[in-house]
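Here the structure is a predicted model, which means the values were calculated and not measured. Throughout, numbering of the chain's residues begins at 1 and tracks the sequence. Note that ligands are numbered from 1 as they come in the structure, with each ligand's atoms numbered from 1 the same way.
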Amino acid sequence: MAAKLLSGLLLLLMFSSFAVAMAMASGDGIVIQVHSKFKDRRDLSSMRSHDSRRHGRLLSSFDLPLGGNGSPSDTGLYYAKIGIGTPSKDYYVQVDTGSDILWVNCIDCDKCPSKSDIGVELTFYDPSKSSTGSVVSCSDDFCISTYNLNAPLPGCKANRTCQYSITYGDGSSTGGYFIKDYAHLDLVTGNFKASPTNSRVVFGCADKQSGGLGTSAEALDGIAGFGPANSSLLSQLASAGKVKKVFAHCLDSVNGGGIFAIGEVVQPKVNTTPLVPNQAHYNVVMKAVEVDGDVVLLPTYTSITGGSRATIVDSGTTLAYLPDDVYGTVMTKILSQHPSLKLHTLDEQFSCFSYPGSVDDAFPVVKFHFQGSLSLTVYPHDYLFSVQINGMENAWCFGWQNSGQQSKDGKDLTLLGDLVLSNKLVLYDLEQQTIGWVEYNCSSHILMKDATSGGTYLVGSHDLNAVATTLVGRVVLILSAFICAALNPFTV
Ligand SMILES: *[C@@H]1O[C@H](CO)[C@@H](O)[C@H](O)[C@H]1NC(C)=O
Ligand SMILES: *[C@@H]1O[C@H](CO)[C@@H](O)[C@H](O)[C@H]1NC(C)=O
Ligand SMILES: *[C@@H]1O[C@H](CO)[C@@H](O)[C@H](O)[C@H]1NC(C)=O
């Protein structure tokens, strides 16, 4: 069963020549080239001061109920529940810090999955059924700024929609048009207490899907991009004066679900590392890797464009991708302690072996060191996942992936996904331009500060899985919801 399961695994991680080609103005055959959504990005500090001026004192905290788990042999993703429209309907969206747009499947969608093997009930957004929804036109400010333009493109007429198209790192893609409607989020109002509140946001109404997004295997209603760009839900809530640009997740790979909260976290405290400025993603500088106490320093070359040694924190990626040399170092050091281990390659991607004892007793801890005093400890039970393979008892596979093997251009990229982010409170602070984490019990709770009242409130974990149907034969999913800027023209 599981061998079959693994062969269903499809991972096409491409790091270049793809993605965010967007185009606007539906209708005529207009060809638009968007070189990079993030080109000419303005100075972040001026954005920040502008934002904090607008915020005033009405900043609050939001609690997004979370489900899913990071195990590659299970769902392999985490999702949140968000209400949209009037009357409000619930949508299950993957939480993805590697992309910048919230979108949900739309009623008129071609190739959107109609059922999900993850066990969530799928809902399609119907613009005509929400009394507060309106189509975003190509002349709207949101459309113009998302395309990094100063004025609407030629060909844009008032009644034309603002279209988008996104290609993710796993090669799957989605497209549609933007809608403005109410999003209903849980405002934290007391200890373990929240009340729904709404905010107008712009999100994508997806009318076409391809690749993994078009299949039932890992189907959700959509993806919530929590990236740093202005188009993300976080940035929209911040510019509406609702929140500070600070959020945290605690992904629980033990019990599933966890915590996803927008706002200031008071407890636990985290150590932080600076975000590399002016990047399209949450980039950090990784300085060394340590296996079982042996430290190997890494060349930490970074350039304005993220450099060839970019390290990206991405909750939308299941595994962890390491540059060829780092991967080599880590695997060699781990395996040197087990010279008799017989490795089998599964699905041309996973190195698997049989081991009867406790992996935590037998395998070394891997630690990554970042600029500042931040390190990331990854235990054997995090980087190894157990699988059922016919004819192989106690089978385990390594979750480490070699990014060089995925793509030539991505060979120096480190992508830190759920494999290493789970069971930690990860705090993204765009106000301070830092990111940090601390090992944490994600089934417990955190303490958040309510900037409106000055009070502090406990926010607990959720597990939406608990209400979802249990599945037999769930297909393995490795969705790297990871956008890269691109040079592709997109024809409408
Ligand atoms: C993002 O929004 C801020 C504040 O609304 C604005 O000052 C800034 O120019 C925007 N950035 C981009 C790249 O559009
Ligand atoms: C847009 O407006 C023009 C002129 O008012 C009209 O001819 C056209 O049918 C409209 N298109 C759509 C898609 O509504
Ligand atoms: C994590 O927290 C939950 C809820 O408070 C608790 O039941 C559980 O025992 C804790 N787990 C560990 C390992 O401490």
Legend entry - Per-atom contacts of ligand 3 with S443, taking only distances under 4.0 Å to non-hydrogen atoms: 4 (C)
Inset, instruction - Could you find the nearest protein heavy atom to atom 3 (C) of ligand 3 and give me its residue, atom name and distance? - result: N441 ND2, 3.6 Å
Legend entry - Atoms in ligand 1 flagged as close to N230, the criterion being non-hydrogen separation under 4.0 Å: 1 (C), 2 (O), 3 (C), 8 (C), 10 (C), 11 (N), 12 (C), 14 (O)
Inset, instruction - Please assess C138 against C162 for the test disulfide bond (SG atoms under 2.5 Å apart), listing each intermediate value before the final yes or no. - result: CA-CA 4 Å; C138 56; C162 178; over 6 Å; no
Inset, instruction - Evaluate the criterion side-chain contact (heavy atoms from CB on, under 4.5 Å) for residue pair H249 and T97; output intermediate values, then yes/no. - result: CA-CA 10 Å; H249 59 62; T97 62; 4.3 Å; yes
Inset, instruction - Using a distance threshold of 4.0 Å (strictly less than), state whether atom 7 (O) of ligand 3 has a protein heavy-atom neighbour. - result: no
Legend entry - K193 NZ: over 12 foreign heavy atoms closer than 6.0 Å: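 Check fails, neighbour count at 12 or below.
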Legend entry - Crowding at CD, E439 (>12 non-hydrogen neighbours, <6.0 Å):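 Atom CD in E439 is packed in, count exceeds 12.
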